[in-house]
A.B. asks: 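Below is a structure I'd like to ask you about.
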Protein chains: 2
Amino acid sequence: MRYPKLFEHIAALAPLPASEWLKAEALAREQSLDKRALFLRPGDSADRFGLVLQGVFRAVRVSARGEESIKAFRAEGEFIGAYAEMLQGQPSMTAIEALEPGRVLAFQAQDLQSLEAGHPSWAQLARRVAERHYLLKERREQEFLDLSAEERLERFWQEHPHLHGRVPQRDVAAYLGITEVALSRIVSRRRKRAE
Amino acid sequence: MRYPKLFEHIAALAPLPASEWLKAEALAREQSLDKRALFLRPGDSADRFGLVLQGVFRAVRVSARGEESIKAFRAEGEFIGAYAEMLQGQPSMTAIEALEPGRVLAFQAQDLQSLEAGHPSWAQLARRVAERHYLLKERREQEFLDLSAEERLERFWQEHPHLHGRVPQRDVAAYLGITEVALSRIVSRRRKRAE
DNA sequence: AGGCCGCCTTAACCTGGGTTAAGCCCAGGT
DNA sequence: ACCTGGGCTTAACCCAGGTTAAGGCGGCCT
């Protein structure tokens, strides 16, 4: 087994025999990405996804107006890919970009499907992944509905302390749905209040 | 089969033998709700869910500050329940309320689990449901990130034309994340522009 | 019929965040 | 050592949406 830590991480989501994991490893390929390199670019077919071995990634959607908004940050052990588009068989409308030099274990969606045909635990895992993704988005929905930008910022750092110092301020802003300028204002307001 | 239309609706999500559906019907019970009645109230265990036979329902979260925000509207054929809390085994933080007199086919989550043990198509269905819920929330996330309140309103009516006249303005506002007053302003602005 | 209540609108004023633009600081490249 | 550029801050001004408060208009109940 080449990636025991990743296996543990995955098996914690849904029980998975090591033998199945080994089959998956055989289908995957490791990929290194420079800082700023794209794991997935908009327009690509969304049939690839990856598990982060090293580094932090951002999932970016470029809107019709040309503005970037950030759907998620993903670090070690986490899933990267255009999940929504994959489910719908559409080309990716999302870019996945490395914020630091990183390494990813990359899979083809169809390989997963063949694993699924061979053992039921993969379907179970896929279900857990869907449920988990749902819970993340549902939490975010609630934050947009109930919280001010300042409160969302506070939550963000509570929930993602491991991203500290690894993601640029402007990207945090694009994640919160505000501008860099507004974020800077909020930060300095908080700083003053804290004195 | 007592609910053929519902069966069709469900089977369109994931193939389901009629025999399995009949087992589900046997476990379910039909429930009528007056206007304003709650199918689920905050604090209830989240182990019940329903399929709407008749009527429109709203899923409401009451925030810490006491403000209502609306997570979803659900009409005929759709799922109602505190899905997130159900997945996490938590008590419901959501109220599900009938906006009109309605009827629901109500299930216990644990009954579904026993069906799942008996036939694999239930697991498949559960996965599809999770994926579908995810896609809904992901679209909403995108709307909050990229669109103004006015644009969100426009989308709302595009995507939910069947709710026309069935949901009060103030609830639409609470769904969009704005106040009743702001919504009224937007509507009249649009009215004037249309002349 | 009368009264009330729920729902919507309008208006006046306030505030958070957007926009534009200038400037700062630091890291990297030559 | 210098320049450059990327990332962050600050300031001035603007606008969408929040807040509060007052009315309007049905529909429903007795």
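Lettering follows sequence order; numbering is per chain, from 1.
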A.B. asks: Using only side-chain N and O atoms of B:Q169, determine if any of them is under 4.0 Å from OP1 or OP2 of C:dG6.
C.D. replies: no
A.B. asks: Nearest to the side chain of A:R189, heavy atoms from C-beta on, is which of D:dT9, C:dG17, C:dT9?
C.D. replies: C:dG17
A.B. asks: Less than 4.0 angstrom from a charged side-chain N to a carboxylate O is my criterion; do B:E8 and B:K5 meet it?
C.D. replies: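 Salt bridge absent between B:E8 and B:K5.
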A.B. asks: Tell me the interatomic distance from B:E68, atom CD, to C:dG6, atom P, rounded to whole angstroms.
C.D. replies: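 Between P of C:dG6 and CD of B:E68: 13 Å.
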A.B. asks: OP1, OP2 of D:dT9 versus side-chain N and O of A:S188: anything below 4.0 Å?
C.D. replies: no
A.B. asks: Atom CD of B:E180 and atom P of C:dG6: how far apart are they, to the nearest Å?
C.D. replies: 13 Å
A.B. asks: In degrees, rounded to 10°, what is the bend between the two ends of the helix from C:dA1-D:dT30 to C:dT30-D:dA1, using five pairs at each?
C.D. replies: 30°
A.B. asks: For a quick test of reading the model: is some side-chain N or O of B:T179 closer than 4.0 Å to OP1 or OP2 of D:dG17?
C.D. replies: no
A.B. asks: Will you find, in the side chains of B:E151 and B:S148, an N or O donor that is under 3.5 Å from an N or O acceptor?
C.D. replies: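 Yes, B:S148 and B:E151 have a side-chain donor paired with an acceptor closer than 3.5 Å.
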A.B. asks: In whole angstrom, what separates A:I186's CD1 from C:dG16's P?
C.D. replies: 10 Å
A.B. asks: In plain terms, say whether B:E30 and B:R2 are close enough for a salt bridge, that is, a side-chain N and a carboxylate O under 4.0 Å apart.
C.D. replies: no
A.B. asks: Tell me the interatomic distance from A:E100, atom CD, to D:dG7, atom P, rounded to whole angstroms.
C.D. replies: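 So the CD-P distance, A:E100 to D:dG7, works out to 14 Å.
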A.B. asks: Does A:V181 reach a base, just sugar-phosphate, or nothing at all? Heavy atoms under 4.0 Å.
C.D. replies: base
A.B. asks: Salt-bridged, A:E97 to A:R61, with N to O below 4.0 Å?
C.D. replies: no
A.B. asks: Rounded to the nearest Å, what distance is computed from the CD1 atom of residue A:I178 to the C1' atom of nucleotide D:dG17?
C.D. replies: 16 Å
A.B. asks: Once you round it to whole Å, what is the distance between P of D:dC8 and CG of A:L153?
C.D. replies: 13 Å
A.B. asks: With salt bridge (Lys or Arg N to Asp or Glu O under 4.0 Å) as the test, pick out the partner of B:R140 among A:E141, A:E138, A:E143.
C.D. replies: A:E141
A.B. asks: What's the CG-P distance between A:L176 and C:dG16, to the nearest Å?
C.D. replies: 17 Å
A.B. asks: Rounded to whole angstroms, how far apart are CZ on B:R36 and P on D:dC28?
C.D. replies: 14 Å
A.B. asks: Out of the candidates A:F49, A:F57, A:F39, only one should pair with A:F79 under the ring-ring contact (aromatic ring centres under 6.0 Å, His included) rule; please name it.
C.D. replies: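 Only one of A:F49, A:F57, A:F39 forms a ring-ring contact (aromatic ring centres under 6.0 Å, His included) with A:F79, namely A:F49.
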A.B. asks: Salt-bridged, A:E68 to A:R58, with N to O below 4.0 Å?
C.D. replies: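 Yes, charged N to carboxylate O under 4.0 Å.
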A.B. asks: Suppose we call a contact any N or O donor and acceptor under 3.5 Å apart; does that hold for the side chain of B:R170 and the base of C:dG6?
C.D. replies: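 Answer is no: no donor-acceptor pair is held.
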A.B. asks: Can you find a donor-acceptor pair, distance only, under 3.5 Å between B:R185 side chain and D:dG18 base?
C.D. replies: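 By the distance-only test, yes, there is a pair.
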